[in-house]
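Residue numbers count from 1 along this sequence.
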Amino acid sequence: MGKVTLSKSSLQKERTQLKLYQKMLPSLDLKRQQLTLELGKAREEHEKIKSRLETLKSETREQLPMLAVEDLALTGLVMLESVKVETENIVGVKLPVVREVKCSIRQYSMFARPFWVDILVERLREAAELSAVIYTAEKRVAILEQAKRRITQRVNLFEKVLIPGVKNDIKRIVTYLGDLERTSVVRSKLAKRKQPSAMEETLEP
């Protein structure tokens with residue numbers, strides 16, 4: 001912030017600036033509150049999906065205990081093929097959202113594999129989809145965290161720096177102009193008191 005000029009025009013300018021800052025602050029604070037709410041939702045959704053994946057893994061281990069002892073080549077049964085991610089605008093912030101997840105399943109003989117391989121394939125497919133969604137959910141949280149930090153910095157700038165600074169400048173200008181006016185009045189009174197004396201001196205012979 002530059003050095004303020006102590007004048008009436010500067011006072012008017014500072015008052016106009018103060019009104020502008022005070023008008024902008026509520027909208028900035030509202031956006032901060034909205035982002036805080038959205039961030040809370042994003043974090044909750046992220047944890048929900050992570051919990052679902054952990055539950056899926058746990059259920060799979062319970063339902064298919066033979067996975068720990070069977071010597072079968074099960075890797076590569078399910079492959080993540082594509083993830084369709086679109087962008088949505090939330091409170092002015094662009095966030096990724098998963099619209100579609102495609103997985104490919106490797107062909108396998110129904111007779112050469114145990115019956116439970118079908119169950120395993122379904123569990124692996126769901127796990128792959130959840131992993132893709134978790135990755136996007138993490139990005140949403142990170143983007144919202146950054147957006148919240150930025151808007152919080154702006155709110156703090158207005159609340160703690162700009163508005164107090166302008167108010168202080170206005171106070172300084174008002175005080176200066178008030179002192180200037182009082183000084184002018186005193187000089188005027190002194191000048192008036194001297195005038196009769198000067199007239200008397202000119203009238204004396």
Side-chain angles (χ1 to χ4, degrees), residues 1-51 83 85-99 133-205:
M1 297 177 70
K3 188 175 180 181
V4 65
T5 305
L6 303 177
S7 65
K8 288 184 178 181
S9 61
S10 181
L11 177 61
Q12 183 60 39
K13 181 181 177 182
E14 293 298 313
R15 282 174 171 166
T16 300
Q17 196 69 41
L18 178 60
K19 287 180 182 178
L20 178 62
Y21 290 159
Q22 290 174 331
K23 184 178 180 181
M24 291 174 66
L25 181 57
S27 61
L28 288 173
D29 193 45
L30 177 61
K31 185 173 182 179
R32 181 185 60 81
Q33 292 175 29
Q34 291 172 328
L35 283 172
T36 300
L37 180 63
E38 291 299 328
L39 177 57
K41 289 180 183 178
R43 284 172 174 165
E44 185 178 344
E45 183 65 18
H46 178 232
E47 290 302 318
K48 183 179 176 182
I49 302 167
K50 279 177 63 180
S51 177
V83 181
V85 179
E86 295 180 356
T87 300
E88 62 179 355
N89 192 308
I90 302 293
V91 200
V93 179
K94 293 180 179 179
L95 298 171
V97 56
V98 175
R99 295 301 185 196
V133 176
I134 286 173
Y135 175 76
T136 304
E138 288 174 349
K139 288 184 70 176
R140 285 175 70 94
V141 170
I143 292 169
L144 283 167
E145 284 177 340
Q146 185 179 34
K148 185 192 171 186
R149 276 195 301 271
R150 286 177 177 173
I151 197 68
T152 299
Q153 288 172 350
R154 291 197 68 190
V155 169
N156 289 338
L157 177 65
F158 275 77
E159 283 185 338
K160 300 177 182 179
V161 179
L162 296 178
I163 291 178
V166 172
K167 283 183 176 179
N168 185 57
D169 288 342
I170 290 172
K171 185 178 179 181
R172 283 176 56 208
I173 296 170
V174 169
T175 301
Y176 175 79
L177 293 178
D179 291 343
L180 203 64
E181 187 177 350
R182 280 190 292 274
T183 302
S184 178
V185 170
V186 170
R187 286 177 179 172
S188 178
K189 287 181 178 179
L190 289 174
K192 286 180 180 179
R193 287 178 184 175
K194 290 180 179 180
Q195 283 179 2
S197 300
M199 289 178 65
E200 287 174 4
E201 289 177 1
T202 55
L203 292 173
E204 288 180 0

Trainee: Are the side chains of Arg140 and Val97 in touch, meaning some heavy atoms are under 4.5 Å apart?
Mentor: yes

Trainee: Indicate yes or no: at least one non-hydrogen side-chain atom of Arg182 is less than 4.5 angstrom from one of Asp179.
Mentor: yes

Trainee: Hey, is the main chain of Lys171 close enough, under 3.5 Å, to the side chain of Thr175 for a donor-acceptor pair?
Mentor: yes

Trainee: Show the nearest heavy-atom pair for residues Ile49 and Ala137, with the distance to one decimal.
Mentor: CD1-CB, 4.3 Å

Trainee: Output the distance between atom CD1 (Ile170) and atom CG (Leu18), rounded to the nearest 0.5 Å.
Mentor: 4.5 Å

Trainee: Got a salt bridge between Glu38 and Lys148, using NZ or NE/NH1/NH2 to carboxylate O under 4.0 Å?
Mentor: no

Trainee: Take Leu30 and Gln34 through the test side-chain contact (heavy atoms from CB on, under 4.5 Å) and record every step on the way to the result.
Mentor: CA-CA 6 Å; Leu30 177 61; Gln34 291 172 328; 4.1 Å; yes

Trainee: Do Arg15 and Val174 have side-chain heavy atoms sitting under 4.5 Å apart?
Mentor: yes

Trainee: Please enumerate all residues that pass salt bridge (charged side-chain N to carboxylate O under 4.0 Å, His left out) together with Lys139, with sequence neighbours excluded.
Mentor: none

Trainee: Where the side chain of Thr16 meets the backbone of Gln12, is there a donor-acceptor pair that is under 3.5 Å apart?
Mentor: yes

Trainee: So for atom CD, which belongs to Glu44, do other residues, nucleotides or ligands contribute more than 12 heavy atoms lying within a distance under 6.0 Å?
Mentor: no

Trainee: Rounded to the nearest 0.5 Å, what separation is found between the CD1 atom of Ile90 and the CD1 atom of Ile143?
Mentor: 11.5 Å

Trainee: Give a yes or no on whether a salt bridge exists between Glu138 and Lys50, defined as a side-chain N under 4.0 angstrom from a carboxylate O.
Mentor: no

Trainee: For Val85 versus Pro96, what's the shortest heavy-atom pair and its separation?
Mentor: CG1-CB, 3.7 Å

Trainee: How many angstroms lie between atom NZ of Lys13 and atom CG of Asp169, to the nearest 0.5 angstrom?
Mentor: 11.0 Å

Trainee: So, Asn168 side chain and Pro164 main chain: donor-acceptor pair closer than 3.5 Å or not?
Mentor: no

Trainee: Would you call Leu20 and Met24 a side-chain contact if the rule is heavy atoms closer than 4.5 Å?
Mentor: yes

Trainee: To the closest 0.5 Å, what do you measure between CG (Asp29) and CZ (Arg154)?
Mentor: 12.5 Å

Trainee: Which residue pairs satisfy the ring-ring contact (aromatic ring centres under 6.0 Å, His included) criterion with at least one member in residues 151-183, sequence neighbours excluded?
Mentor: Tyr21-Phe158

Trainee: Could you give the distance from NE2 (His46) to CG (Leu144), rounded to the nearest 0.5 Å?
Mentor: 12.5 Å

Trainee: Considering only heavy atoms from C-beta outward, does the side chain of Val141 approach that of Leu39 to under 4.5 Å?
Mentor: yes

Trainee: Search all heavy atoms of Thr5 against all heavy atoms of Ile173 and return the closest pair with its distance.
Mentor: O-CD1, 3.8 Å

Trainee: Can you tell me how far CZ of Arg149 sits from CG of Leu35, rounded to the nearest 0.5 angstrom?
Mentor: 12.0 Å

